[in-house]
Structure formats: structure tokens, C-alpha cells
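Working notes, beginning with the structure itself.
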Amino acid sequence: MKLATKWRRWYIESGKKYLFPVLLICFAVIAYFLVCQMTKPESYDVKLFQVAEKTIRSPQTVEDTGKTKEERAKASADVEDVYVYNRETGQNRVALIKSLFAYVNEVNTEAKEADAKNKEKAEKENKPVPAKTTTEAKLKSLKAKLSSNVSEKITTNISDEIFTTLLEADSKDFKTMEDVITAEVAKTMEDNIREENLNAAKIRARDDIELSTIPSYYKNVSKALVSYAIVPNETYSEEQTKDRRKEAAQAVVPVKILQGQVIVQEGQIVDRETYRQLNMLNLLDQKMPVKQYAGFAVFIIALAALLFLYTKKQPQPKEKKMQTMLIFSSVYVTSLVMLMIILFLETQGVANISYLFPAAFAPMILKILLNEKYAFLSVIFIAATSLFVFQSDSTSGITIFILLSGVTSVVALRDYSRRSAIVFSGFMVGLINMSYVFTLLLINNNTIFQFSTVMALGYAFVGGFGAFILGIGLIPLFETIFGLLTTSRLVELANPNHPLLKKVLMKAPGTYHHSMMVANLAEACADKIGANSLLVRVGCFYHDIGKTLRPPYFVENQLQGINPHDRLTPEQSRDIILSHTKDGAEILKENHMPQPIIDIALQHHGTTLLKYFYFKAKETNPDIKESDYRYSGPKPQTKEIAIINISDSVEAAVRSAAEPTMTKITEIIDAIIKDRFLDGQFTECDITIKEIKIIRDTLIATLNGIYHQRIQYPDDKD
């Protein structure tokens, strides 16, 4: 405890500006280390193609990327190539055949017309009739027309023999060939034709020509033309094939190894596939993937950021905010250590030991040290962390249990001013924890009537009740380290049997009585404006403890009219009176009192002027400095100290008044408050003018009740 006190004094008096951030970073690093250590997978000594010595289950649900990749590749390979059917191809081929026959017919017609004209001309001129247009000339004309009017190189792909046969065919056979060939091409091109079935399509078409009404002399030519006209009308689409294969691969559900899934049974041979899965789960080398370490780092940073942003919004001084975050972080890390101990016990085969985790510890202690909101925040932090820590089948409901137990502890803890009330709250949380565990066991379809179930219920009770007992034991340590002042601590300090209060009573009874009176006045004022009335009351008990070093030099302790100041100079009297604030602060520090109580002792006079001795000194030395007769301060930093500042002066002034009537009391209070305002004593605290008026009215009402005029009853006569 002394070491903790020295540490607290050191960080209070040294560079807290840098100490708090460094400590917060240290707590974050510790939390990160603990979380990584708890989530690190268990390792097994397993050799390839050897018998497994124990059954190994997956500690977490992970995707088997290798197997998933293999399944997706298989699904992609099973997708057939995509071909696109083009109806226009068939239409174009039919049009090509029609064009060929049309040009042949055109050439023959032109030749007949030319021969007729030549004959007519020769008869008119009585010349011999010239020979008819030769087939070679017709062939040349036909090929010229086809070359200039048909984009396809038809003259190269169809032989001159075929063209000649068409040119020489009579009109009836020509018409039959045109109709049959055109119909056959149109019919065949309606089917889906690819490169691989092109020959089959051509064979079917040629067979149809063989059975057609075309004269046998022309069937070979017709077969050649049909075979030429039929082409593939389905083309391979690389883009669509690629898209379909991609869709098929994406449709494959990722192959996962589920948490609790058996990887290898005891006595089973470890084959390559099993060994691969063990290695993927990091069960062979006890290492986590780098991305998992990074993930936990982001998780801790996210929690720290959430704590920082929430605390930043609180209406507190910057130093108080840093202290709040430090307290929260230390409690969170303490809970992680407990979590680690429970996890270790679980790995030793202790059934249901996870329910022993004191989930109520952090919220309970933070509600007492800080407030209810931080208690709920801690429940969220610890429950979220437990999601990563407890991953086995047997602890599947532990996160829900931690969440419910933590919330229950916050709700159940109402009166924490007495240790007995805290213990009772812990007892209730323990019983409620048992109901939570029983419910979870029912939901998970566990066997109820067995020894392990009874142990689980017992662990739940001990975890809930023990959390409060542990909290009671550690709260004084947190109070000492961080200089906190809790309700229970204040109640303890208000005990009249406290050594320091007994010291005041024995050495300076007048000061003791004065302190009790000031406490009553200040507490009433604090209640009216919503300040911490318990802190005000306890602070008043100790605010003048510095007077115990020289009790007779303070008027409330002077008996029989003897005033030691009559033998001293104003300067000597000044030094004695002004020093009682510093002396009191030193006494309180030496006795390890909380900082708020020390602040009250040091600041309750602010920097007010010791008027009596100042004016007395000025009678002999007009050049005396006013600042030499002022308290060293600082001025009141909180509204609680401002209340004590006013109440202390008012009580002393009213007590010294000859006849404190209501009018007199009102005048005294108004004069003191006005003097404090003009002297700027409340410029460094957050007290408002409205609150000052409430304090004034409360003091008038309270003092009037104490010093009211009593009715004089006549003496009884026999």
C-alpha cells in the first residue's frame, strides 16, 4: 500500500502530461498481448502417416481455401464452351445460292438477246448469221459479274465446270436445281451447325439431293453447290464462356472447416489431406497468420478509440479524462488476466470452468470508481473479447453468459456506500448467474441431472459472488493508486472513530465542533444545488485539521479569554493562521488521504485576505503589502470547495456575533458572499450565480433554524 501511495504521489507531482498517455499505450499493448496469447491455437505433435494419439478438433471456423479453390476450378471446368447461333448466316447462304442462279440466268438471257440482235442485224445486211455466244464467253461474263457483285470469293471456291454446267442446263432443269438446292440449304441452315458437325450436315444435305427430283446428270453439281453453301452458323464465344465459368466458380459455396469439427480421430492415420488441414489451422506450429495478428491489433485499436471518443465527450477536465481512461484500461486488463486464468483451467480439462469467470468484476468496480455508463461499456468490451477467446463447443454460450452477468451486476448494484450492501448485491448476482447457466444448458440440450451440471451452476454462483468480494478487496488499491474517492471510502472517512477525527477532537475540540457545524451547513447547500454532498460533508470534517498543530492560536479553541496572539506581532500571527491550510494538506498527505480531501484543506480559504492582522499590521506600517496577508491558495477549483469556502466563513462569523438574529445573519451572509465575489474567489470553479443565490438562501434558512429566537416561558411557581 505504501508503494502504491508513493507511486500516486509521484505521478501527481510529476509530468502527468506524458505519463498518462504512456501508461494508456502500455495497457493497450498488454491487452493486445493477452488477447493474442489467449487466442493462439493449441499445437499438437503430429507426424505425417503416423497414428494420431488423440482426437483433434478445429478450434475455430475457417475457410479451407485450398479445397475451395479446387472445387471452384472443377466447377469452372465442367462448364461447356458457349456457342452463339446466328440465324442471319443461314439467310445469307440462301441469298448467296439465289444470287448465283440469278446471275447464271442473267448471263444466259443477255447471251440470247445478243445472239438475236446479231441475227437480226445480219439478215438486214444480208450477211451470214454470226455464231452464237460461246459457253466460254458466258463463263467469263458470269465470273465477272460474280466477282464484282458478290463479296465472297465464289469464283475461286466453285469450279468452272460447275458454272459451265449451270450455264448449259436447260431452263426446266435449271429451275428444278435452283428450287431444290435453295430449299435444302435453307432447311439445313436452320439446324445448329458447328465446325465439329459441319461434315455431317453436308452429308445429310447431299443425301437429300441424291433423293431429290433433280435429274441425275445434275445431281453431282447440285451436291457440290449444297456442300459449298452449308457453313457453321454457331460460333464459339470466348467472352460468354469465360463469364459462365466465372459464375459457376463463384456459385461454389466456400468449403469450411467448422469449429469443433473432428480433423482426425484418435488412432487414425494422419494422411496428407489431414496433415494439410492441421497445418492450415496452425495446429502444428502454434502460430497465427499475420493477418490474424493484424486483425487483433485493429480490434484493440477500435476499443481504445471507442473509449477515447466516449471519454472525450464527458464534461471533465482533460487530466480527469486521462485518469478515467487509465482506470478503465487497468480494470479491463485485469479482467483479461482473469480470462486468461480461466482459459488455462479450461485447457486442463476442467468441465464448465468458463462459468467461473467473474464477469461482474469489471462493471461492478467501474460503477463504483467511475459511473454506470463506463460499467456498461466494460460489459461490451469484455463480451466482445470473449467471442475470440472461448471458441470450443463446450463454451459456445459463455459470451452470452458474460454479457448477461455483467449487465446484471450493474443493475443489481444500487447501494455501494456500505460493504454489506455490496456483498448482498454480489450474492444476488451469483444466484441470477445460476439461472442464466441453467437456461443456457437447457437451450444447448445438455443433460441436466449430472454432476457436471451441478458444478457449472456452482461455478456460476462463485463467479458472480466472488467478483464482488474481489472488487471490495481491490477497490482500496485503486483508490490509493489513482487518488479516487468513492462513496464507500467517504462513508469510511466520516466515521467519528477515524484516527484523524479523534485527533481533532482531542487536540482542538473547538475546531472539531466548528467543523461539524460547517459540515451541516455545507451539506445542506450541496444538496440544494446538486453537488456531491457526501464529499462536502466529509471534506468539512478534515478541512481545518492543520489547526491541530497549534490549537490555542485559533479563536474557537481559546478558553477563558486567553489569546496567545496578544503576545505576538501581526507578522507572527499571520504566519500561524495562514499556515493551517498547508499544514492540513501535509497531514492529510502523510496519512494517505484522497486527493479531493487534500484539495479541500488546501483551497477552502482560497486566496482570501487575513483582514484582522492585515489592518493591525497596517497601523504600524502603512506600506505593508496586502499580498503578504493572503492565503496561498489556490482559489476553489470545484463548486464543492466553493460551498465550503462560504460556509466556513459564515459559520465563524455568525458564531462570533453577539445576537445572531435573522436580520443579522442575512447581513453577514450577504457581506461574505459579496466580498468573495469582489475578491474573485470563484473565478476558477464552475459555480454559477444562480447556485450562489441558492446557497445564500439555504444558509439563511439553516442558520435561522439554529439561532431562532426562543419563546420565554414564565417560571413555574409553587
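Predicted model only: the values in this text are computed from it and were never measured.
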Tell me, do [X] and [Y] make a side-chain contact under 4.5 Å, heavy atoms counted?
| X | Y | value |
| --- | --- | --- |
| Val331 | Phe361 | yes |
| Gln277 | Lys67 | no |
| Arg276 | Asp64 | yes |
| Pro254 | Glu71 | no |
| Arg204 | Lys187 | no |
| Val94 | Met189 | no |
| Tyr85 | Arg194 | no |
| Ser386 | Phe401 | no |

ask   = Between Phe427 and Phe461, does the ring centre distance come in under 6.0 Å?
value = yes
Between Thr274 and Asp271, is any side-chain donor less than 3.5 angstrom from a side-chain acceptor?
yes
Just checking, is any N or O donor in the side chain of Tyr374 or Thr311 under 3.5 Å from an acceptor N or O on the other one?
yes
In terms of heavy-atom contacts, Ile327 and Leu370 come closest through CD1-CD2, 4.1 Å
Between Ile342 and Ser354, the two heavy atoms sitting closest are CG2-CA, 3.5 Å
- prompt: Can Met38 and Leu336 be said to form a side chain to side chain contact (heavy atoms under 4.5 Å, CB included), step by step?
  reply: CA-CA 9 Å; Met38 287 187 285; Leu336 290 184; 4.2 Å; yes
- Message: For a side chain to side chain contact (heavy atoms under 4.5 Å, CB included) check, start with the C-alpha distance between Leu303 and Tyr332, then their side-chain angles and the critical distance, and finish with the verdict.
- Response: CA-CA 11 Å; Leu303 293 184; Tyr332 174 65; 3.5 Å; yes
| said: Applying salt bridge (charged side-chain N to carboxylate O under 4.0 Å, His left out) to Arg489 and Glu492, what does each step give before you reach the verdict? | reply: CA-CA 5 Å; Arg489 177 68 168 149; Glu492 180 184 329; 3.2 Å; yes
Checklist line | CA sep, side-chain torsions, deciding dist, call: Ile475, Arg419, side chain to side chain contact (heavy atoms under 4.5 Å, CB included) | finding: CA-CA 11 Å; Ile475 283 175; Arg419 283 184 171 83; over 6 Å; no
Supply the atom-to-atom distance [X] [atom1] to [Y] [atom2], rounded to the nearest 0.5 angstrom.
| X | Y | atom1 | atom2 | result |
| --- | --- | --- | --- | --- |
| Met455 | Asn352 | CE | CG | 9.0 Å |
| Lys202 | Ile230 | NZ | CD1 | 7.5 Å |
| Asn197 | Asn192 | CG | CG | 8.5 Å |

